[in-house]
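Reviewing the structure listed below.
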Amino acid sequence: MAEEIFQNETIKQILAHYRKIWAIGHAQSVLGWDMEVNMPKMGITERSTAQGELSVLAHSFMLEPKFVELVEKAAGEELNDYERGVVRVLQREIRIAKAFPPEFVRELSEVRSKATMAWAEAKEKDDFKKFEPWLDKIIELAKKAADYLGYEEYPYDALLDLYEEGLRTRDLEPIFEKLEKELKPILDRILEEGKVPREHPLEKEEYDVESMKKVNLKVLELLGYPLGTRGRLDVSPHPFTTEFGIHDVRITTRYEGFDFRRTLLAVVHEFGHALYELQVDERFMFSPIAGGVSLGIHESQSRFWENIIGRSREFAGLIYPILKENLPFMSKYTEDDIYNYFNIVRPDFIRVEADEVTYNLHILLRYKLEKLMVNEEVKAKDLPELWNDEIERLLGIRPKNYKEGILQDIHWAHGTVGYFPTYSLGTLLATQIRSYILKDIPDFYEKVANGEFAPIREWLREKVHKYGSMYPPKELLERSFGESINPEYFIEYIKEKYLG
Ligand code: MG
């Protein structure tokens, strides 16, 4: 029998009540996963209604006066670190649940679904005007949300905190300033020197979907994903990871029929997300501290596997035989081709297809615009021009239409403002983790070359995964690594890798 980590009587009562909220979340994950993976299109109305009703139910369980009282009572008692984690997570969830009046929640959910439909049509027809009034509405609601949540310095801080506990503009400002100052000259030098490829013939090679599925499954097996026992690989329009619990963490990818690195690196990326959830301390099951702590920490795990491992020369060598066995066109290419193909650097318009060097500049642009939207008086009609000017300044290219400009991402249409910066935090943190792991496992890259991933998974479990949400993100980093997010590591990594 595992050691009992929750000892306090009040905490035990809290956890008994919380099980209902957990069960609703579990059901919602299954419904959400099914919607993306299996559901026929027309199921959408009933599914979103079911999801909405379940959210209302979970919300009412969370705010039940007896439950809120118990959480407050526990906060004043002597607790261990696990129990303190439970109280912290619940106090935060209760605060957020209480902040928004029901009419605001209803309005937000209505605007979200209508704005998303308008965005999809606007993007398809490349007509920003169709989305413009909805974007104005989203900006207005984001500002309102910030006011309801409260903030010390900037309204934007209230929104950042929703996605990354404790994150403030004042944390991000020096990070993005540094990235802006350093990345642009690095990118210019890479392009000038011309040693890093800007394109590769493998981008055009068409693959057979069934063969590619085999490749993906073999790679997942190599990485150590417990296919069939605790995980699955399915297909969805946008790759994602979902956890139903510690022992059922599923991932998806998509097959476009060409440019196989997209599906393969998506699988490696999602594996990183999944491994985090799979390696949370099992004793946290059913409690509020089971599950990854924040989007930024989560993305650091996916980016670690995707960029640090997946885009390494050693990994290219490791998977080469699998590729050669399953993809006939591979006979024309070498291990070095795989490496070069995975590490093309090319200023381009689409964020999700961006390389390691330009990716953070795409986020920088969104961060700047979000700050303007929430902190200042900016109207939707001005945003496309601002977007294009900024991308031209950062990458030297100017979008010719809205699809490759402001209409490319779904986030704002979803009402998600303040989320983008977590992508950069994760990408930066992945390179920090690389430095730390190299100190503890000096033959890290040799292990990658040999497909010896167990010690790497174990290291990540000990440093990050096992803690689930018991410590807030900043504290977790301090405890495990003795420092918070520091862009220096990323800049050094990029210089070393791409400028030699
Ligand atoms: Mg991700």
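Remember, it's 1-based here, ligands and their atoms both numbered in the order they're listed. Positions are given from 1, in the same order as the sequence printed here.
Here the rule is side chain to side chain donor-acceptor pair (under 3.5 Å) with H200, and of N343, D337, N340 only D337 fits it.
With respect to the salt-bridge test (charged N to carboxylate O, under 4.0 angstrom), the residues D161 and R92 qualify.
Put simply, E299 gets within reach of the Mg ion (ligand 1), with an N, O or S atom under 2.8 Å from it. The Mg ion (ligand 1) has no N, O or S atom of H298 inside 2.8 Å of it.
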Q.
Walk me through whether F260 and Y341 qualify under ring pair (Phe, Tyr, Trp, His ring centres under 6.0 Å).
A. CA-CA 10 Å; F260 74 84; Y341 166 51; 5.2 Å; yes
Q: Step by step, work out the ring pair (Phe, Tyr, Trp, His ring centres under 6.0 Å) result for H26 and F286.
A: CA-CA 10 Å; H26 181 86; F286 311 126; 8.9 Å; no
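Closest approach between the Mg ion (ligand 1) and any N/O/S atom of H269 involves NE2.
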